[in-house]
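Here is the structure we will look at.
One-based numbering along the sequence shown. In listed order, ligands and their atoms are each counted from 1.
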Amino acid sequence: MNPEQTGSRVAIVTGGARGIGAATAVRLAADGFAVAVVDLEESAGKDVVDTITAAGGRAIAVGADVSDAAQVGAAVQRTVTELGPPTVLVNNAGVLRDNLLFKMSESDWDTVMNVHLKGAFLMARAAQEHMVSAGYGRIVNLSSSSALGNRGQANYSAAKAGLQGFTKTLAKELGKFGITANAVAPGFIATDMTAATAARVGVDFEDFKKGAAANIPVRRVGAPEDIAHTISFLVSEGAGFVSGQVIYVAGGPLD
Ligand code: NAP
C-alpha cells in the first residue's frame, strides 16, 4: 500500500518553527504533504503555518515538548484528528548545551539526551502505529557531523551518534511494514543554533560563517533548504529502497 491508496500524505516535523525544521515543513508542504509543525510553543509555529497556507498548503501548529511522552501522544493524536494519520515523521527538534567535559553539568547532559534521543524515540513510537496501519512510512532523524566527535559537545555528539544507531534499528524493525528510516547529518548550517554558538564563543556570526566556509570543500556554509531538499528526497515514495542510511550533508566529505 502507498499513501495514494490510503489517501494520507501527512507529515510531522518536530522543531518545525525555526531553522532546518521550518524549511523542511515548508518544503514538504510544497511537495504536497499536510504538515504538523510541532514545537515547544504552539504560537512559535504560526509563521510557518501562515507561510504554508498562503502558498495553498495545509498545516497546523502544535505545541509539544518532544521529551514528554504525554505531550507527544497528544501531538500525534491532534495530527491524526486534524490532518489525518501521519506517514512521515521528521525528528528535527534539538538543543545545544555545549561545554567542555569537566564543566558539563548533569542537567546539560540530560537535557540534550532528552530532547534529541528520548524525543526521537517517543515521537517514532507514537507515530509508527499509524505507519504500520498504512503499510507505509518514512522516518528521518536529524543527526549531525558532530556525531563523529566535536570538542565541547560530549553530550550532543553522543546523542547524534546515538540517533544513527536508533535509525538503523528502526530500519531493521519497521522495514517489513513498508517503513524506511534514515538519518541526515548536516554539517554547518546557518540557523539560530549556529548563530548562538558564534555568540557563545564571542565571534561575529558573519565572520563565523566565513571561517567555517573556508574549510568546506564547496566554500560555503549550508542553508536550511539544503537539508530540507535531502529530507524531501528521503520521504519521497521513490526512496523506498533507501533505508538505515546516514547521509552527511556538509558540502564535502568529513574526516
Ligand atoms: P534551531 O534553529 O535551534 O531550531 C530548533 C527548534 O527545535 C526550535 O524551534 C526549538 O524550539 C525546537 N525545540 C527545542 N527543544 C524542543 C523540544 N523539547 N520539543 C519541541 N521542540 C523543541 O536548530 P537548527 O539549527 O534548525 O537545527 C535543527 C536540527 O538539526 C537539530 O536537531 C540540530 O541538532 C540539527 N543540526 C543542526 C546543524 C546546524 O548547523 N544548524 C548541524 C547539524 C545538525 P525553541 O525555539 O522554543 O527553542
Checklist entry - Where does the angle between the aromatic ring planes of Phe188 and Phe205 fall among parallel (under 30°), tilted (30 to 60°) and perpendicular (over 60°)? => result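 Answer is parallel, since the angle falls under 30°.
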
Item to check | Among Leu174, Ile12, Thr180, side-chain contact (heavy atoms from CB on, under 4.5 Å) partner for Ile139 | outcome: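 Exactly one pass, corresponding to Leu174.
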
Next on the checklist: For ligand 1, give me the residues whose heavy-atom distance to it is below 4.0 Å, by chain and number please.
Outcome noted: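 Within 4.0 Å of ligand 1, the protein residues are Gly15, Arg18, Gly19, Ile20, Asp39, Leu40, Ala64, Asp65, Val66, Asn92, Ala93, Gly94, Val95, Val115, His116, Leu142, Ser143, Ser144, Tyr156, Lys160, Pro186, Gly187, Phe188, Ile189, Thr191, Asp192, Met193, Thr194.
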
Next on the checklist: Has Arg138 got a side-chain atom pairing as donor or acceptor with Glu237's backbone, closer than 3.5 angstrom?
Outcome noted: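 Side chain of Arg138 to backbone of Glu237: a pair is present.
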
Checklist entry - Salt-bridged, Arg220 to Asp226, with N to O below 4.0 Å? => result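 Asp226 and Arg220: salt-bridged.
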
Item to check | Glu82/Arg58 ion pair, N-O < 4.0 Å | outcome: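 Salt bridge between Glu82 and Arg58, a charged N being under 4.0 Å from a carboxylate O: no.
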
If you look only at distance, which donor and acceptor atoms sit under 3.5 Å apart when one is on a side chain in residues 241-249 and the other is two or more places apart or in another chain?
| residue | atom | partner | partner atom | Å |
| --- | --- | --- | --- | --- |
| Ser243 | OG | Ala181 | N | 3.2 |
| Gln245 | NE2 | Ser243 | O | 3.1 |
| Tyr248 | OH | Gln164 | NE2 | 3.1 |

